[in-house]
Amino acid sequence: MADGTTAETDVLVDENEAPVERRPSALHREQTTFSEYLESLLVTVILALFGTSFVVQAFKIPSASMEKTLMIGDHLLVNKFIFGGQGAWYEKFLPYRALKRGDIIVFKYPFLDHPHYVKRVIGLPGDHLKVVDQAVYINGQALNEPYVLHDPTVPYDPFNYSFPPLRDQMIPVNVIDEWRPELRKYVQGDELVVPPGKYFAMGDNRDHSQDSRYWGFVDRDAIMGHPFLIYWSVNTTYAADTTFWQRLAGIFDTLVHLPARTRWNRMFHTVH
């Protein structure tokens, strides 16, 4: 100014002017991206664990006990969100149903630390069951089993023709030790009575099935679910009773010939 005083200069800011956006640094962007990936991975893991624990789980068929319904090398999706009947308060609010005769189930083997078994429910709690000349009778009536496969070339097994064993009948050597002293406790006359909370399960490939005849009942709490879909099927050259090296060689051979070994006609078939 002309009077020599120093004037204060007011800086005016236009309120309509957009604020200047500051770009985040490269380090900040990397940290944000990493945290987002980590969060997404954590959510995915949680959902996967929840799904396999409560809803759906994948299993593979390692033995021939359910042929022709299920083949060695069939890869299944198992519905774990289907069977009720355990008395939980939430069952009436969810789409559960009771186990039925004829249901195919995945369950934990009642003895030892064994992989899961897949069999068909034949006897329900309270049922009176017997086998006569390869035919199953439930409560005095012959059971219609169009899914059953018999092999006339197998060695004679008395439990394929007469079960439960009569007092003078020899118990086959393939009956496990834990079941031998228990079996006759459930026999009334010539029938086996299925106790409460238990199920009698058998394989469809009846002459090649190690089932409830040989190791006893399936506990309700051991039943995990129902296989409902074959999502992949491969004609493997190994089974559950082969050695580790035989299975390893079989896996390698299958991978080499994967397209030719895949059973395309079985893929995405529902299981009944």
Which atom names give the shortest non-hydrogen contact between [X] and [Y], and what distance separates them?
{"X": "Phe217", "Y": "Val193", "answer": "CZ-O, 3.9 Å"}
{"X": "Met267", "Y": "Ser233", "answer": "CG-N, 4.1 Å"}
{"X": "Arg206", "Y": "Arg213", "answer": "O-NH2, 3.0 Å"}
{"X": "Ser209", "Y": "Asp211", "answer": "OG-OD2, 2.9 Å"}
{"X": "Tyr199", "Y": "Pro125", "answer": "CE2-CD, 3.4 Å"}
{"X": "Ile122", "Y": "Asp127", "answer": "O-OD2, 4.3 Å"}

I need the [X] [atom1] to [Y] [atom2] distance, nearest 0.5 Å.
{"X": "Thr153", "Y": "Asp151", "atom1": "OG1", "atom2": "CG", "result": "3.0 Å"}
{"X": "Asp190", "Y": "Gln169", "atom1": "CG", "atom2": "CD", "result": "11.0 Å"}
{"X": "Glu182", "Y": "Asp177", "atom1": "CD", "atom2": "CG", "result": "12.0 Å"}
{"X": "Thr69", "Y": "Asn205", "atom1": "OG1", "atom2": "CG", "result": "9.0 Å"}
{"X": "Lys68", "Y": "Asp204", "atom1": "NZ", "atom2": "CG", "result": "12.0 Å"}
{"X": "Ile105", "Y": "Leu99", "atom1": "CD1", "atom2": "CG", "result": "6.5 Å"}

Report yes if some heavy atom in the side chain of [X] is under 4.5 Å from a heavy atom in the side chain of [Y]; otherwise report no.
{"X": "Pro165", "Y": "Pro158", "answer": "no"}
{"X": "His208", "Y": "Val154", "answer": "yes"}
{"X": "His150", "Y": "Gln134", "answer": "yes"}
{"X": "Gln141", "Y": "Asn139", "answer": "no"}
{"X": "Ile72", "Y": "Glu67", "answer": "yes"}
{"X": "Met71", "Y": "Arg263", "answer": "yes"}
{"X": "Arg167", "Y": "Val187", "answer": "no"}
{"X": "Leu76", "Y": "Leu229", "answer": "no"}

Could you tell me whether [X] and [Y] make a salt bridge, using a distance below 4.0 angstrom between a side-chain N and a carboxylate O?
{"X": "Asp103", "Y": "Arg97", "result": "yes"}
{"X": "Asp74", "Y": "Lys60", "result": "no"}
{"X": "Lys108", "Y": "Asp219", "result": "no"}

message: Do Asn79 and His226 pair up side chain to side chain, a donor and an acceptor below 3.5 Å, judged on atom types alone?
response: no

message: What I want to check is whether the side chains of Gln210 and Ser65 have a donor and an acceptor closer together than 3.5 Å.
response: no

- request: Taking the six-membered ring for Trp and the full ring for Phe, Tyr or His, determine whether the centres of Phe59 and His116 are under 6.0 Å apart.
  value: yes

- prompt: How about Trp215 and Tyr109: are their ring centroids closer than 6.0 Å?
  reply: yes

Does any N or O in the side chain of [X] come within less than 3.5 Å of the main-chain N or O of [Y], such that one atom is a donor and the other an acceptor?
{"X": "Arg101", "Y": "Gly123", "result": "no"}
{"X": "Arg184", "Y": "Leu166", "result": "yes"}
{"X": "Asp157", "Y": "Phe159", "result": "yes"}

message: Count I, L, V, M, F, W, Y as connected when their side-chain heavy atoms are under 4.5 Å apart, and connections chain through other members. Are Val136 and Val132 then in the same cluster?
response: no

